**Q** 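Below you'll find the structure I mean.
When a residue number appears, it is its place in the shown sequence, counting from 1. All values reported here derive from a predicted model rather than from experimental measurement. All ligand and atom numbering here is 1-based and tracks the order in the structure.
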Amino acid sequence: MLQNKTKLLLMLAILFCAGWMVAAWSAGDPGLGEERVADNEDQIQKQMLELIKKISEQRHQEGIVRRFNQGKGLGCFDADFRVSENLPDNLRKGLFSQPGLHKAMVRFANASEMDDREKDLRGMSVKVFGVAGKSLWGDDGAQDFVLNSYPALFAADPEDFLDFVKATEQDRVWWYFFNPLNSHLQSLWVLYKARKKHASPFDLQYWSTTPYRLGLEKTAAVKYSVKSCSTYQSSASGNVHENHLRDAMQKHLQNAPVCFDFMVQLQTDPETMPIEDAQVIWDEEESPFQKVATLTIQNQDFTRGQSVSDCEKLSFNPWQSLAEHQPLGGINRVRKHIYAQMSEFRNRTNEQRFVSVSTNSN
Ligand code: HEM
């Protein structure tokens with residue numbers, strides 16, 4: 001009897017191991033450009049959105065509701081986005097398929113600080129107009145790029161980002177880093193290296209940190225980077241104060257136009273350059289960034305009240321995109337609805353508050 005039971009248990013164990021091995025083998029390592037969607041991703045995204053909305057409501061119980069991330073806008077600029085001539089065939093895709101000039105709009109922001117003297121990440125959001133083709137989200141005709149001033153994101157994937165949002169909501173971010181059962185020391189390290197004092201957002205290099213398709217073939221993926229190519233650089237020893245980045249940008253424009261190289265980095269190895277881990281910096285020796293366009297900003301009055309309020313109403317979303325540049329990876333997948341919903345929420349609330357203020361004052 002005991003022998004039969006042992007035999008049965010042994011059989012079950014063998015079947016279980018075989019099943020597990022077949023599943024692992026058929027999943028295999030991901031190929032170039034291949035996404036792997038976690039089973040619970042929808043759930044994670046819903047939870048994240050609820051918490052982000054709750055935190056925003058708590059932070060801005062009155063007055064203007066700012067963006068959840070990149071809340072302090074430093075300026076919005078009209079710009080020219082010129083796609084380079086003679087690009088190699090493998091880069092001549094989507095927006096980059098035709099050389100020529102597009103009108104664009106660029107917003108710079110502080111990721112989390114209101115005082116420009118504090119160490120922080122800076123954000124750069126680019127909207128290119130006059131783009132032929134259907135957009136994956138939003139209105140046709142525009143292509144957005146959303147970037148940060150460090151090549152890696154502190155969170156590897158949506159689950160990781162959700163842990164951070166949960167800790168933020170509970171007002172104990174340190175728990176996210178040091179929770180003994182699920183510590184995020186690598187995230188702490190990334191943030192330590194990423195947060196810096198800067199002399200001007202115009203002098204920096206920015207990275208998408210997350211990957212995007214290049215063309216309609218499922219095997220081509222890239223990350224973006226935008227790097228200053230201006231002849232003029234702001235002085236770090238300038239007059240440093242709460243809003244000094246705005247002043248530095250104004251001074252730059254009065255002296256010389258602003259120039260940025262817009263570049264792509266092709267994924268050449270799916271293991272060392274993963275799609276689903278935004279914490280990994282893709283090696284530039286393995287695959288260098290290649291320039292595909294130039295972004296220029298001429299002198300303009302970006303500090304007028306109207307220009308600032310129009311800028312704050314804008315919405316940038318990585319999914320405002322041609323299919324040829326489809327956002328890839330879990331972080332990008334969950335951003336789609338979160339950005340859409342949060343932009344709608346903040347603009348609706350701000351409109352209601354503005355209307356009620358003007359109604360009260362009548
Ligand atoms: C799961 C990951 C992420 C979440 C949940 C998230 C969430 C958000 C939210 C809610 C906003 C405000 C949207 C609005 O009100 O219009 C925002 C803005 C922004 N985020 Fe993220 N973000 C994530 C990842 C990233 C990454 C990977 C980058 C770039 C490397 C980035 C850069 C920015 C920038 C530059 C803005 C400002 C956009 C603008 O100018 O309107 N974020 N993010």
**Q** Looking at atom 32 (C) of ligand 1, what's its closest protein heavy atom, distance included?
**A** Val146 CG1, 3.5 Å
**Q** Which residue owns the protein heavy atom closest to atom 4 (C) of ligand 1, what's the atom, and how far is it?
**A** Phe161 CZ, 3.6 Å
**Q** Among all the protein's non-hydrogen atoms, which is closest to atom 31 (C) of ligand 1, and how far away is it?
**A** Arg335 NH2, 3.2 Å
**Q** So, Phe154 versus His184, ring centres under 6.0 angstrom or not?
**A** no
**Q** When the aromatic ring centroids of Tyr224 and Phe289 are compared, is their separation below 6.0 Å?
**A** no
**Q** Going by the atom numbers of ligand 1, which of them fall below 4.0 Å from some non-hydrogen atom of Ser343?
**A** 15 (O), 16 (O)
**Q** Using a 4.0 Å heavy-atom cut-off, which part of Asn69 comes near ligand 1: side chain, backbone, both, or neither?
**A** both
**Q** Run the salt bridge (charged side-chain N to carboxylate O under 4.0 Å, His left out) test on Asp78 and Lys103 for me, step by step, so that the C-alpha distance in whole Å, both residues' side-chain angles and the decisive distance to 0.1 Å come before the verdict.
**A** CA-CA 7 Å; Asp78 291 322; Lys103 288 285 157 210; over 6 Å; no
**Q** So if I count the atoms of ligand 1 from 1 in the order they appear, which ones are less than 4.0 Å from some heavy atom of Ser208?
**A** 29 (C), 30 (C)
**Q** Please work out, at 4.0 Å between heavy atoms, whether the side chain, the backbone, both, or neither of Leu147 comes within that distance of ligand 1.
**A** backbone
**Q** Once the angle between the rings of His241 and His244 is folded into 0 to 90°, is it parallel (under 30°), tilted (30 to 60°) or perpendicular (over 60°)?
**A** perpendicular
**Q** Ligand 1 versus Ser315, non-hydrogen atoms closer than 4.0 Å: side chain, backbone, both, neither?
**A** neither
**Q** Closer than 4.0 angstrom, basic N to acidic O: yes or no for Arg66 and Glu312?
**A** no
**Q** I want to know if ligand 1 touches Ser125 in the polar sense, i.e. an N/O pair below 3.5 angstrom.
**A** yes
**Q** List every atom of ligand 1 that sits less than 4.0 Å from any heavy atom of Leu153, numbering the atoms from 1 in the order shown and giving each element.
**A** 27 (C)
**Q** I need the nearest protein heavy-atom contact for atom 22 (N) of ligand 1: residue, atom name and distance, please.
**A** Tyr339 OH, 2.9 Å
**Q** Report, in ascending order of atom number, the atoms of ligand 1 lying under 4.0 Å from any heavy atom of Thr209.
**A** 27 (C), 30 (C)
**Q** Look at atom 39 (C) of ligand 1 and say which protein heavy atom is nearest, naming residue and atom and giving the distance to 0.1 Å.
**A** Arg67 NE, 3.2 Å
**Q** To check your reading of the model: name the closest protein heavy atom to atom 36 (C) of ligand 1, its residue, and the distance in Å.
**A** Gln70 CG, 3.2 Å
**Q** Is there a polar contact between ligand 1 and Arg346, counting only N or O atoms under 3.5 Å apart?
**A** yes
**Q** Within the 4.0 Å heavy-atom shell around Val334, which atoms of ligand 1 are there?
**A** 1 (C)
**Q** For Glu57, does the CD atom have more than 12 heavy-atom neighbours from other residues, nucleotides or ligands under 6.0 Å away?
**A** yes
**Q** Could you see if Leu214 belongs to whatever hydrophobic cluster contains Phe145? Use Ile, Leu, Val, Met, Phe, Trp, Tyr and a side-chain cutoff under 4.5 Å.
**A** yes
**Q** Kindly say whether the aromatic ring centers of Tyr192 and Trp189 come within a distance under 6.0 Å.
**A** yes
**Q** With distance as the sole test, does Lys72 use its side chain to make a donor-acceptor pair with the main-chain N or O of Met114 at under 3.5 Å?
**A** yes
**Q** Between Tyr206 and Tyr150 (judged by ring centroids, cut-off 6.0 Å), do the two rings come close enough to count as a pair?
**A** no
**Q** Report, in ascending order of atom number, the atoms of ligand 1 lying under 4.0 Å from any heavy atom of Met48.
**A** 5 (C)
**Q** Going by the atom numbers of ligand 1, which of them fall below 4.0 Å from some non-hydrogen atom of Trp207?
**A** 30 (C)
**Q** Could you tell me whether His252 and Phe202 have their ring centroids closer than 6.0 angstrom?
**A** yes
